[in-house]
Amino acid sequence: MKTIIEPFRIKTVEPIRITTREEREKLLTGAGHNVFLLDAEDVLIDLLTDSGTSAMSHHQWAAMMQGDESYAGSRSWYRFEAAVKEIFGFEHVIPTHQGRAAERLLFGITCKKGDVVPNNTHFDTTRANVEFTGAEAVDVVIPEGREPETYHPFKGNVDLEALENLIETVGADRIPMILITVTNNSGGGQPVSMENIRAVSRIARSHGIPLYMDACRFAENAYFIKLREEGYAGKTVKEIAQEIFSYADGCTMSAKKDAFANIGGFLCTNDPDLARQEKDLLILTEGYPTYGGLAGRDLEAIAVGLHEVLEEDYLRYRFASTRYLGEHISAEGVPIVQPPGGHAIYIDAKVFLPHIPPSQFPGQALACALYLEGGIRGVEIGSVMFGRKDPDTGADIPSPMELVRLAIPRRVYTQSHIDYVVEVIVEVYKRRESLRGLEITYEAPFLRHFTARFKEV
Ligand code: PLI
């Protein structure tokens, strides 16, 4: 087989700045050992997120020039709505400025104190928005989904027995919805099988509970199904995506992921009463229902991007480039979540740094070391992001996994950038015993990872 190449050529370039190690030491100390607090200018290869960082195609830029900026009923809105309806198939489409705005509308209306929301794996903003209403967010991923080194083709699957038990214990009337996140970002970017989605849908319907999809990386999940699930090899990715959503009652979506947009999102539902309430709240906080906080040109970019992301040449390259990073570092002994996810590689910091206990944040220490070594920015997905406080004693309860995510922005970096990333990670791995843990000197009451400050232990 020939090399899988980037299926595009580069028309505009953005220079990136190389810093010295001494500069990076000062910058990291100034940022309180939190890479979120670094200036992007001071980062060489930015793998903090694949969200809003995609390179747009010339078709998207051309469409942006046709943005209709009318306040109500713009042409761009109708193009956006048609693209969303064609792929997602829901009755009501509500535009939002990003995914978490869709979450806030949905949970703000449907959830209350005492409720429980099951999900294979909640993303941080999803969990925070559920909890902000007083409801409890419960992860019910299969056991393999919590074991980084275990191979499973659909590690994002919902544990059906755990879900049934939860419904039995809590009672269906206290479960306003079941969520499935495709792919499960916080659990390694792992896909959910069609069989599992179908089974969850059956369980949800039998209890009269609505099923919602967190659809951020729907195209990647659909392509995993095509590659790994029996009966789907001959279907198009679009047909698979359509089938996924046919089992659900609605979805939340961040267009900053699988729509190649730099901003945007939407909320869909088949429930007309809910849609009405959501639109009322939308007008209060986001904007009129035909723009929802977005410019007409953003709606255009999303409408085009939603179709481009389903192209198989793109998805083949996308998976190959993510896998390339994963395979090259794991060949050198670096422990990663296996198999590689669609949008990111997750290093297992617990195994990488066994001498740093979870209470000293091994993932955060590793994220800092990657920046120091080579100006690479990843993100901790471990006890800084998901650690909890014991409500009685205030003691820290660590997260089940301590990961560092290296998310690959779509269509942005070339193979030599990734070769450089491999070299830096392997260098840090060789001198891993010299890394030290961290302690928190400042933290916010929720979503603390964005602004927390640390010092070395
Ligand atoms: O960043 P937003 O508000 O457009 O989307 C929130 C969001 C919801 N669900 C999932 C699965 C996400 O991955 C997600 C955002 N993810 C970010 C920002 C990331 O870095 O992965």
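Quick caveat, the model's predicted, so the values are computed rather than measured. Counting starts at 1 for both ligands and their atoms, following the listed order.
- The neighbour count for Phe132 CZ, taken as heavy atoms of other residues, nucleotides or ligands under 6.0 Å away, does not exceed 12.
- Considering only non-hydrogen protein atoms, atom 15 (C) of ligand 1 sits nearest to Lys257 NZ, 2.6 Å.
- Near Glu103, the atoms of ligand 1 lying under 4.0 angstrom from a non-hydrogen atom of the residue are 8 (C), 9 (N).
- For atom 1 (O) of ligand 1, the closest non-hydrogen atom of the protein is Arg100 NH2, 2.8 Å.
- Per-residue contacts place Arg217 under 4.0 angstrom from the following atoms of ligand 1 (heavy atoms of the residue considered): 11 (C), 12 (C), 13 (O), 19 (C), 21 (O).
- Which parts of ligand 1 touch Gly99 is read off a 4.0 Å heavy-atom cut-off, strictly below it: atoms 2 (P), 3 (O), 4 (O), 5 (O).
- In this structure a side-chain-to-backbone donor-acceptor pair under 3.5 Å is present from Arg448 to Val384.
- Listed for the Glu86 side chain is no donor-acceptor partner under 3.5 Å among the backbone atoms of Ala83.
- Each of the following atoms of ligand 1 lies closer than 4.0 Å to a heavy atom of Thr125: 6 (C), 7 (C), 8 (C).
- Only the side chain of Arg405 comes within contact range of ligand 1, with a heavy atom under 4.0 Å; no backbone atom does.
- The residues Glu373 and Arg24 are annotated as not salt-bridged, no charged nitrogen and carboxylate oxygen being separated by less than 4.0 angstrom.
- Between Glu300 and Arg79, at least one side-chain nitrogen of the basic residue sits less than 4.0 Å from a carboxylate oxygen of the acidic one, meeting the salt-bridge criterion.
- Those atoms of ligand 1 with a heavy atom of Asp214 less than 4.0 angstrom away are 8 (C), 9 (N), 10 (C), 11 (C).
- A cation-pi arrangement is absent between Arg411 and Phe8, since the terminal nitrogen or guanidinium carbon is not both under 6.0 Å from the aromatic centre and inside a 45° cone about the axis.
- Near Thr181, the atoms of ligand 1 lying under 4.0 angstrom from a non-hydrogen atom of the residue are 11 (C).
- Note on ligand 1: Gly265 sits outside its first shell, no heavy atom being nearer than 4.0 Å.
- The ligand atoms of ligand 1 that sit less than 4.0 angstrom from a heavy atom of Thr49 are 19 (C), 20 (O).
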Next on the checklist: For Phe319 and Phe224: C-alpha separation, side-chain torsions, deciding distance, then whether ring pair (Phe, Tyr, Trp, His ring centres under 6.0 Å) applies.
Outcome noted: CA-CA 9 Å; Phe319 280 21; Phe224 273 122; 4.3 Å; yes

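- A salt bridge links Glu443 with Lys389; the closest basic N to acidic carboxylate O contact falls under 4.0 Å.
- Each of Thr269, Asp249, Thr252 was compared with Tyr212 under the side chain to side chain donor-acceptor pair (under 3.5 Å) criterion, and only Thr269 meets it.
- Scanning all protein heavy atoms for the shortest distance to atom 7 (C) of ligand 1 gives Phe123 CD2, 3.5 Å.
- If you number the atoms of ligand 1 from 1 as listed, the ones under 4.0 Å from a heavy atom of Lys256 come out as 4 (O).
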